[in-house]
Structures are given as structure tokens and as C-alpha cells.
Protein chains: 4
Amino acid sequence: MKGTKNKILTIASELFAKHGFHKTSMEDIARASQKAKGSIYYYFKDKEALFYEVVDKELLHLRRELALVVTDPNKNAAEKFKSYLMLRMEILKESPNYRETLNADFHDHFGFVDTLRHALDRWEKEQFKRIINQGVSDGLFIDQGDKADVLLDVFLMILKGLEVSYFIQNKYNQWHPYFDDLIDILEKGLSI
Amino acid sequence: MKGTKNKILTIASELFAKHGFHKTSMEDIARASQKAKGSIYYYFKDKEALFYEVVDKELLHLRRELALVVTDPNKNAAEKFKSYLMLRMEILKESPNYRETLNADFHDHFGFVDTLRHALDRWEKEQFKRIINQGVSDGLFIDQGDKADVLLDVFLMILKGLEVSYFIQNKYNQWHPYFDDLIDILEKGLSI
Amino acid sequence: MKGTKNKILTIASELFAKHGFHKTSMEDIARASQKAKGSIYYYFKDKEALFYEVVDKELLHLRRELALVVTDPNKNAAEKFKSYLMLRMEILKESPNYRETLNADFHDHFGFVDTLRHALDRWEKEQFKRIINQGVSDGLFIDQGDKADVLLDVFLMILKGLEVSYFIQNKYNQWHPYFDDLIDILEKGLSI
Amino acid sequence: MKGTKNKILTIASELFAKHGFHKTSMEDIARASQKAKGSIYYYFKDKEALFYEVVDKELLHLRRELALVVTDPNKNAAEKFKSYLMLRMEILKESPNYRETLNADFHDHFGFVDTLRHALDRWEKEQFKRIINQGVSDGLFIDQGDKADVLLDVFLMILKGLEVSYFIQNKYNQWHPYFDDLIDILEKGLSI
DNA sequence: CATGAATGAGTGTTCATTCAT
DNA sequence: AATGAATGAACACTCATTCAT
């Protein structure tokens, strides 16, 4: 039955989100989802494998939503650019398990999610390329030539950095009002 | 004796840096510092209290070094600005315990380090204000008026975000060559 | 269907042989035999019952081969004696599941194999009696009278003891070259 | 305190003896010795390390007792030979944990006791050499020359084999009355 | 000051077995 | 005849913390 696996996945997602990976025990998940501990292991090899699928689900949602923006026929490149950034932050705000992933990296406790994160990085770079190409062919953006790739990387770096100030340090509500200004700053800084 | 406490502190700093807070046990610290486990608890109430002092020490070092830049009589405001940013990254690179503090785990469950981080935030904002004020009075920068405070906050937000891409995601070596460009982008973005 | 049961039996035999009773899980057997876990329980009440049949099959093979020696019309008693001993060791070498049966674990906790082993003991004693009787009637051996039975038991005891040095302690290759000498010693020791 | 460690060691020895290594849990040992589970791990790295020390203690006892026979000034070589064999069996009967060591399981999966067993093997060979040398110099035994070493090994092999029939298959009480006969057989078999 | 023995709650994981279909 | 989802008891091991000395 899909039912059991999904229930475990859903409950696990909530618990991991609320208490973090380390402080959520398999015991907790089993109790909360009213399943036997062994049942979790029937569907998921590991605690890590369970967390992996939880994060995977979040990122699937993120990509699906962002793709709608990128392919939206009613927006020009500049609008897509801004919409993408804002929606990205909005969805990430509700993807707490992916966010936990950004940190612990360092001590390689979550090396097992690297696959997912790198895949997302590549995917996002691709989307930005599309937006920019559209902007260039529409005459809105200037073709940066060889510098384009580096600029894109730098831009993504800043973007990912903001996730931290925004979410992990819980400044979301504090900074959100100034987010427009921030996007302007970035656009201006990158505009040459 | 100061000797014992300092030895514990030094060794703990190294071990936390190498293996992280969670993966470093009091046992490990006791063994490495050739002290009894009980002795650690004589000087430090908690594992958390020990970590707190370790991080405190790192931030003390950071502030001391950055203060030298801010008060340097041989630099103008623009130079101080750039020097501050670069030195900040350089020292943070060697402050792994503070960096672990950026973890969600620590935010959710170890609020005890928040005190330190907030104190640093306030301190850094103060330093930037000094630099900018000097720049304005020297005619280098334009007085932003009411917007100054918000711009400063946004700027610091970006700065802190960069820590993540830089250190936690181990991109330091990858991005370092472009750091100059990045500072330029920030200066340009913020300059009007 | 015989097919399913036999497949399970064959695969189980291989896995038990390779990894031992404890380290072979029903899961392993199910996966390797491409059958569902439940199917194993359809044919075998227990993990123990499954192992029992595996061992039973090995001993069936052993008895069949040894019977050929005992009833061989072209060998005299002395030749049968030596052939029996050597063939016995040769076949046991390839009967790893029976051999695991010698374990203390199995004696303390898995008495279910005792039945098989005792049956084998009785069978082997019978075969030796036959050989000796043939030897006596051919004038090759001396009738030991009342002592015959005890001597036979002692002899079998030594024989079974050798299995351990030989197989369990993996000295097979080491001792094999001296096996002839050993049989001589036993013959001489028992000959009066 | 030696007290706690010894209590754990003693209780563990009894439990391992009664139920075997696998069926004795650390929980059981903790409960029976009225110590915390953690206390066991304070003194013993592992369940294996605990078992190792238990076996070590048994073998220490064995060697101490056998050494008394080997160095007994009131026995000639033949007497020592017989005494050694009988005492050996007597003590091994009361060394159930060492005996579990003879298992295939332990060979495949618990190589950690091999050290002990090999040390014992070497030690026993040494003792036999002493006895035989005494016998030769007293004119009781004939010097076997080059063959001595191999004969010794074969002899030890038989000896170790007997352990199985005797103890693991619980034939001790059954065979003990015939042990004298058995020693005679071995002496005769090996004597030329 | 300093020790180190002792604790016990907590954790991830395994696996033989059952049963509705 | 055959399945495979679901179970739950069991287990080895970790570690921050306490306290008598």
C-alpha cells in the first residue's frame, strides 16, 4: 500500500521540520505515524534514506513551482527574474528539511543529500540561463559574453547565501519588507 | 589553576573544529587534554557552556583583528571597507566553531549561542557605521540619510549569507579568485 | 509444486553454508531464491525446520556415498576401513551445514538437529560393525568379543573429534598429508 | 575499584557459560550483576572484549593447573603424560566459555579469540615437549628424531578433537569411564 | 582542585514471524 | 500455491552528567 509509506513520509517530514534530523528519533516517527518501527525500515533502508526522500519531495515541489514561472508566456525576462527570486524564497521558507541540509554539510554529516543539492544547483543555473537568454533576445538584457557564466555563478552564490540570513537565522519576517530593495541592489550590481 | 582550564579550552576548540559539536564527546576532550572528565565539569557547567566559551574566544579574536582595520589611521574609508571584508572572510575561515553555529541544529536547540551572534551583529554594524561616517565626512561617500540604516542591514545580510557559500559549502577556494569582483558588485549595488 | 520448495532448499543450503545459520536471514534466502518471504513459511514451519531439511539432505548424500564403500564387493575389510575413513572426511568437507551442527550453540539452543546426528551415529556404528564382521569372517581381524562394542564407540568418538580439528579449525589442508599416518596410528592402537 | 569489574566478569562468565555468547545480552549481564549497562562499557570496550577476558581467565586457570603437573618432581614422564591428559579434560569440562570458542561461528565471525587459542596451542606443545624430553632422558621414551614434531602435532590434533566428543556433544559422563582405555590406545598408537 | 568510577536513558537497526489476500 | 506488507521484541552501544573521595 502506498498509504503506509506516504503516512510515514508525511509525518517524518513534519517531525524533521520541527525538531531537526538529529533530535527526531525513529521511535518518534513510528509513534507519531502509528506504525511499527519495523515498518519504517520496510520502506526506508535508513534514517538517512528516509530523510533523503523527505528532502527530495520538498525539492520536487520547489522545481515544479519555479518551472511554472520560467515558462510563463505572460512574463518578460525582467519580471520572471524578480518572480523567480521571490517565489524561490517563499517556497524555501516552507522547505525546512532542505534548509537543514545547507548547514551541516560542513562536517559532512549530511553528505548523503549532496546528490540532491548538486542536482538542484545545476537545475537552477539552467533556469537562470533560460531567463537571461530570453532577456537578451528580447533586447532587455545585454549579452555578457564570456563573463556570463562567472556572473551567473556569483549571483547564485549570493542567492544561496541569502537563504541563511533569511531562514536559518530566522530573519525572514524581519527582512521580507526590504526584499524588493535587495533585488534592486542585486540587479543593479550585476547589470553591466 | 588557569592552566587546566586553558588546556581544556584549547583542546576542546581543536576537537570541536575538527569533528563538530555533536561528534565531539566530553570523553574525547578529557582524553585529549589529559584531564579527568570530572575536571571539565569543574570549570564548565555544561558541554554547551564549554562550547560557548570556545566560540567566545574565536569571536574575541575576530573583533580584535577587525578593530585594527577600522581604527587604522593610514586607510581611507573605501580602503577600510574593502580590507574589512577581506580580513573578515580570512579570519572566519579559521573560526570553524563559530561557523558551526550557523547550523539549524544550533538555532533550534542551542539558543545559547544566539547571545554571542547577536552581540557580534551589533558590534559589526557599529564598525560599518564608523567607516561610513568617516567616508561621508571625508567626502568619499554620500550621506544616505534615513535609508542608511536599512541599507546597512541589507548589506550585512548579504555579507553573512556569503559565509555559507564560502565556508560551509566549502566553496572558499572556488570563489576566492572572484572575491574582488564580488566586492565591486556590492559596492556598486549599494553606492547610490 | 516441488519446484518452489526445492529451489528454496537449494538456495538456503548455499547461503547457510556460506554465512552460517545465524548470519543467514530469511530475507536473504527469500531474495536469493526469488521467492516471497511468506512462501518459505508455506513450506517450512520455521527457520529451524528449513535448516533441518538442509542438513538432512547433506547427511542423505553422505550415507549414500559411504554405503557404496561398505557394500563394495571388490574391497576387503581393511581396504573398506581405510576407504571409509577417507571418503567420510572428503564428503564432510563439503557438508558445511552439518558441520555447523557441531556447535555448542546448536547443542544448547537448537536441539532439533540432535535427532539427525544421533541417527547418523547409529547408522555409522552399524556400517563399521559390518566391515569388522566381514574382516573377522575373512580372517583379517580378530574377534574382540565383549570389548568390541566399546572399542567401536571409542573409535567413533575419536573419529568425530577429528572432524573438529579437520574442518572447524580449518586444518584440513594442513593435516591432510598426514592422514594416512593417522589412520595407521588408529589401526595400530585399536588392533589388539 | 576492582570490585565492580570483577563482579561483571564473574557474572558474565556464568551467563555466557549457561546460555552462550549469542544468547547472553549485555542487558542480562547488567541486570544479573546489578550494575548499569554503561558500567560494563566502562570496563570493556565491547561485548567481544568482555567475552575475551572471560575466556582469558579460564585459560589462565587451565595453564596454571597444568603447569603444576608438568613440573611435578614426584612424577615420571609416563605419569605426567597421563595426569596431564586427565587433568586437562577435567578442567576443560569446567571451562565452558573457552569451549564455545571451538565453534565455527567463532572462527568465521569472532576471530578475536583466535589469539588466545593459538597461544594456548603453542603453550601446550611446549609442555608436551618438556614431558617427552624428560621421558627420553630418563630412558622411558624413545627419541623419535625428525618425526617427533609431526607426531606431536598429530597427537595434539587428536587431543583437541576429543574435546568435542567429550564436551560439546555432552558425552563426558558417557565416555569418562573409558578414558583410561583411550589413553592406552593413544600411547600404544604413538609409541613406536 | 581534581579525579574517575558509575550511571541510565536513549538510539538506530535487525529479523523471524504472521496474515489478509 | 504464493505473496509481501506489517509487526514488535530484542540488541549492542553511546554519552552527558553526577558524586564520593
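Just so we're on the same page: letters track the sequence lines, and every chain starts at 1.
Leu50(C) has its CG atom 15 Å from the C1' atom of dC15(E), to the nearest Å. Between the CD1 atom of Ile29(D) and the P atom of dA10(F) there is a distance of 17 Å, given to the nearest Å. The CZ-P distance, from Phe44(C) to dT3(F), rounds to 14 Å in whole Å. Rounding to whole angstrom units, NZ of residue Lys5(A) and P of dG4(F) are separated by 16 Å. Atom pair Ile40(D):CD1 and dC11(F):P shows a separation of 13 Å (rounding to whole Å applied). Phe16(A) places its CZ atom 12 Å from the C1' atom of dG12(E), with the value rounded to the nearest Å. Atom pair Leu15(D):CG and dC11(F):C1' shows a separation of 16 Å (rounding to whole Å applied). The NZ-C1' distance, from Lys7(A) to dA6(F), rounds to 14 Å in whole Å.
Checked against dA6(F), dA2(F), dC1(E), the side chain of Tyr43(C) finds its nearest nucleotide in dA2(F).
Taking the side-chain contact (heavy atoms from CB on, under 4.5 Å) definition, one finds that Ala49(D) meets it with Lys45(D), Asp46(D), sequence neighbours left out. In terms of the side-chain hydrogen bond (donor to acceptor under 3.5 Å, both in side chains) criterion, residue partners of Glu27(D) (sequence neighbours excluded) are, by chain and number, Lys37(D). Listed by chain and residue number, nothing satisfies the salt bridge (Lys or Arg N to Asp or Glu O under 4.0 Å) test with Glu14(D) (two or more places apart in sequence, or in another chain).
Atom name P, nucleotides dT21(F) and dC1(E): the rounded distance is 23 Å, in whole Å.
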Under 3.5 Å donor-acceptor pairs involving side-chain atoms of residues 57-64 of chain B, not counting sequence neighbours:
unit_1   : atom_1 : unit_2   : atom_2 : d
Glu58(B) : OE1    : Asn97(B) : N      : 3.4
Glu58(B) : OE1    : Tyr98(B) : N      : 2.8
Glu58(B) : OE2    : Asn97(B) : N      : 3.3
Glu58(B) : OE2    : Asn97(B) : ND2    : 3.0

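Side-chain contact between Leu116(B) and Leu120(B): absent, with no pair of heavy atoms (C-beta onward) separated by less than 4.5 Å. Contact annotation: the side chain of Leu50(A) approaches that of Phe16(A) to within less than 4.5 Å [non-hydrogen atoms, C-beta and beyond].
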Exercise for review: Go along nucleotides 15-21 of chain F 5' to 3' and tag each nucleotide: B for a protein heavy atom under 4.0 Å from its base, S when only backbone or sugar atoms are that close, - otherwise.
Suggested key: BBBB---
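Contact check on Glu53(A) versus Lys5(A) returns a salt bridge, with a Lys/Arg side-chain nitrogen under 4.0 Å from an Asp/Glu carboxylate oxygen.
In this structure, the side chain of Ser13(B) does not engage the main chain of Leu9(B) through any donor-acceptor pair within 3.5 Å.
Residue Gln34(D) is the one, among Gln34(D) and Asp28(C), whose nearest nucleotide of DNA chain E lies closer to the 5' end (criterion: closest heavy atom).
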Practice item. Both distances under 3.5 Å, Watson-Crick or G-U wobble: on that basis, could you give the dot-bracket string for DNA chain E, with [ ] for crossing pairs and | for other-strand partners? Key: .||||||||||||||||||||
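Between Thr24(A) and Leu15(A), the shortest heavy-atom contact is OG1-O, 3.3 Å.
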